[in-house]
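Side-chain atoms are counted along with the backbone in the values below, which use heavy atoms only and exclude waters and symmetry mates. So you know, we letter chains A, B, ... as the sequences are listed, proteins then strands, and number each from 1.
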Amino acid sequence: MIDLKYLQNNFVEASAKLQKKGVESATLENLQILFKRLKESNAKLESMKAEQNAMSKLFGQYKKEGKDIGELKAKVDANKEAMLPVQEKAREAQEALYEVALAIPNFPDESVPEGANEEDNVELRKVLEPRSFGFKPKEHWELSQINGWIDFERGVKLAKSRFAILKGEASRLERALINFFLDINRKKGFEEYSVPFINNAMMLQGTGQLPKFGDDLFKIEDEDLYLIPTAEVPLTNMYNDEILSEKALPLLMTAYTPCFRKEAGSAGRDTRGIIRQHQFSKVEMVAIAHPDNSEEVFEMMVEHASDILSQLKLPHRVVELCGGDLGFSAARTIDLEVWLPGQNKYREISSVSNTRDFQARRAKIRFKDGNKNRLVHTLNGSALAVGRTIVAIMENYQNEDGTIEIPEVLKRYM
RNA sequence: CGGGAGAUGUCAGAGUGGUCGAAUGUGCCGGUCUUGAAAACCGGUGAGGGUAAUACCUCCGGGGGUUCGAAUCCCCCUCUCCCGGCCA
C-alpha cells in the first residue's frame, strides 16, 4: 500500500508518479477525499469516546461514594446513542478508504522509464553472444517431440489445458536445475527454505496479489486458502506482522516451489509448449532489507540471477521495465530475458523487483531503528524460473538431429 | 473427523466487572562496577492511530452481544496442545 500521508502532503508529485503506472488522477483525488473523510469522522468519534470514557469513570466513583447516578446515567446513555451513527460513519469511511487504497499500485522509482508496455522497456546490456547454428534451430516443443521429454496430452488429461508432464531426462533436468539453483543461491548467502504451497488470504494481501488480482489465483474451495503463485508470497510473509531487529537485516531467503497461476487474460498467448503453464517450478529469492541499502541488495540480486544464466552459458539480456509494464507492487523491476534461438526471441526468465515499503506496509513488516519502528524494504526475484530454463537449454543446446546436450555445470547434478 | 484443555507484551506467566495497556520473572537497551566480560545493582522498554508537542482513541486470538463501564460475563468462529480415529 502506498503511504497515504505522503499522498496527502505531496499530492501533485505523487499523482505525477502514479501517472507512469497509468493511475488516473481522479482515482487519487477520490482517495484523498476518502482519507480526509476518515480522519474527520475518526476525530469526531474519538472525542465522543473520550467523553464517554470520562463519564464512565465518574460513574464508578459516584457509585462508590453513594452519590445519585440518575442524571449521569441519562447523559451517558444519550451520548452512547449519539455515538452510534458516528461510529457507523467512521467504519464506512475506513472500509471505503481501504477498498480504494489497496487497489493503488506502488510508486515507480524516478529512474523508471516512461512507457505504456513492454515495447518501451529499456535494454541495459546483453550478456553472452547467441551461438550460430549451422541449421535452423527448432522450437522447444518440436525438440520435446523428438526426445519424448514433455507429454502435453496426458498433462491435459490429468488436469486441463496448460498442464504438462515432464518425462525421463526432462524431469531429471528439472530436478538438477532446482538443486543447482538452490546451491548457488545458498552460496550467495540466501538461506534455503521449504515452505507451504498454500497460503491464506491475509498473506496474499500482504504481497499485493489480493484483493485486486484474485482472478489469477487458484483458490481452495470453502477455505480461506490459495495456491501460491510464487514463493515470494510465503517467503516475504514469513515476517508478516513482525518487528525485526536491525541487526538481522538484510534477510536473504530462497526456496523452490511450484507456482500456480490461472493466467487469466493470457488466452491465446504461448499456448504451444511450456512457456506459460498453470503450474511451473521456480526457485525464488526474497530479501528483507534495510531501507537505506535496498538498492544495493537489488543490484546484487540482478547480478546474481544474470550470473546463474552465465554459468549455464545461456545468452541473455538485462532489461529495465518501463512504468506501464511494471507490476503492481514494484517500484523498480529488472527482467532477465534469455535467448531462445528456436523462437528467435529473448524471453523473460527472471524478474527482480524492489517493492520498497509497499509490501512491508501491507504486511506490517518493520524493524527497530533505535526505539522507533520503521518499515523494511522487500525485494524478490527469480533465480530462476525452472520451466523456462528447461526451454532455454533445449533450444540453445540442441544439435541438428534434435538431441540436446546437458550444460557443463549441471552434469554433476544428473 | 470425534472427546478434553487452552489462546494475555520477546518469551514464561498473573490478572474473573471500574484507577489494568495490564503484576512478577525473563529477554532487550542504557548506566554503575570491572583491564575486559560475567555476576550484582540502578534506569528504560508492547503495537497502531492522533498531535507542533501534549492530550486523546484503539488493541489481552477474530467477530458479535450484555453493561454507564469488559482481558474479566454470554454467543459464534479460528487456531494451538493432549487423547482417540484415519494416514505419508
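Phosphate contact (OP1/OP2 of B:G49, side-chain N/O of A:K5, threshold under 4.0 Å): absent. Between A:K73 and B:C68 there is a side-chain N or O to OP1 or OP2 distance below 4.0 Å. Using a 4.0 Å cut-off, some side-chain N or O of A:K39 falls inside it from OP1 or OP2 of B:U51. Close to B:A47, at under 4.0 Å from its OP1 or OP2, lies a side-chain N or O of A:K368. Put simply, A:N53 has a side-chain N or O that comes within less than 4.0 Å of OP1 or OP2 on B:C57. In this structure, A:K63 does not reach the B:G69 phosphate: none of its side-chain N or O atoms is under 4.0 Å from OP1 or OP2. OP1 or OP2 of B:G48 has at least one side-chain nitrogen or oxygen of A:N373 nearer than 4.0 Å. Between A:N200 and B:U78, a side-chain N or O to OP1/OP2 separation shorter than 4.0 Å is absent.
Computed from coordinates, the A:K247 NZ to B:G27 C1' distance equals 12 Å when rounded to whole Å. Between the P atom of B:U51 and the CG atom of A:N9 lies a distance of 10 Å, rounded to the nearest Å. Following rounding to the nearest Å, A:K57 (NZ) and B:G17 (P) show an atom-to-atom distance of 19 Å. Summarising the geometry, the separation between CD on A:E246 and C1' on B:C29 is reported as 13 Å, rounded to the nearest angstrom.
Summarising the base pairing, B:U32 is matched to B:A40 through a Watson-Crick or G-U wobble pair whose two defining distances lie under 3.5 Å. When Watson-Crick and G-U wobble pairs are counted only if both distances are under 3.5 Å, B:C60 pairs with no nucleotide at all. The partner of B:G27 is B:U45, judged by Watson-Crick or G-U wobble contacts that both fall below 3.5 Å. Remark: B:G50 base-pairs with no nucleotide; criterion is Watson-Crick or G-U wobble with both hydrogen-bond distances under 3.5 Å.
Using a 4.0 Å heavy-atom criterion, one finds that A:Q52 contacts the sugar-phosphate atoms exclusively. Backbone-only contact: A:I243 has heavy atoms under 4.0 Å from sugar-phosphate atoms and none from a base. Nucleic acid contact for A:K364: none, since no nucleic acid atom lies under 4.0 Å from a heavy atom of the residue. Residue A:N79 is classed as having no contact, given no heavy-atom separation below 4.0 Å to the nucleic acid.
Cation-pi check for A:K262 over A:F218 is met; the charged atom lies under 6.0 angstrom from the ring centroid and within 45 degrees of its normal.
Taking 3.5 Å as the limit, the base of B:G50 and the side chain of A:E46 contain no donor-acceptor pair of atoms between them.
The residues A:K160 and A:E263 are annotated as not salt-bridged, no charged nitrogen and carboxylate oxygen being separated by less than 4.0 angstrom. Ion pairing of A:E320 with A:R332 is present here, as a side-chain N (NZ or NE/NH1/NH2) and a carboxylate O approach within less than 4.0 Å.
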Intermediate values then yes/no, ring pair (Phe, Tyr, Trp, His ring centres under 6.0 Å), A:H290 and A:F367: CA-CA 8 Å; A:H290 194 290; A:F367 72 100; 4.7 Å; yes

Would you check, one step at a time, whether the test side chain to side chain donor-acceptor pair (under 3.5 Å) holds for A:H304 with A:N185? CA-CA 8 Å; A:H304 179 61; A:N185 291 350; 2.7 Å; yes

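Comparing B:G48, B:C29, B:C57 against the side chain of A:R366 picks out B:G48 as the nearest.
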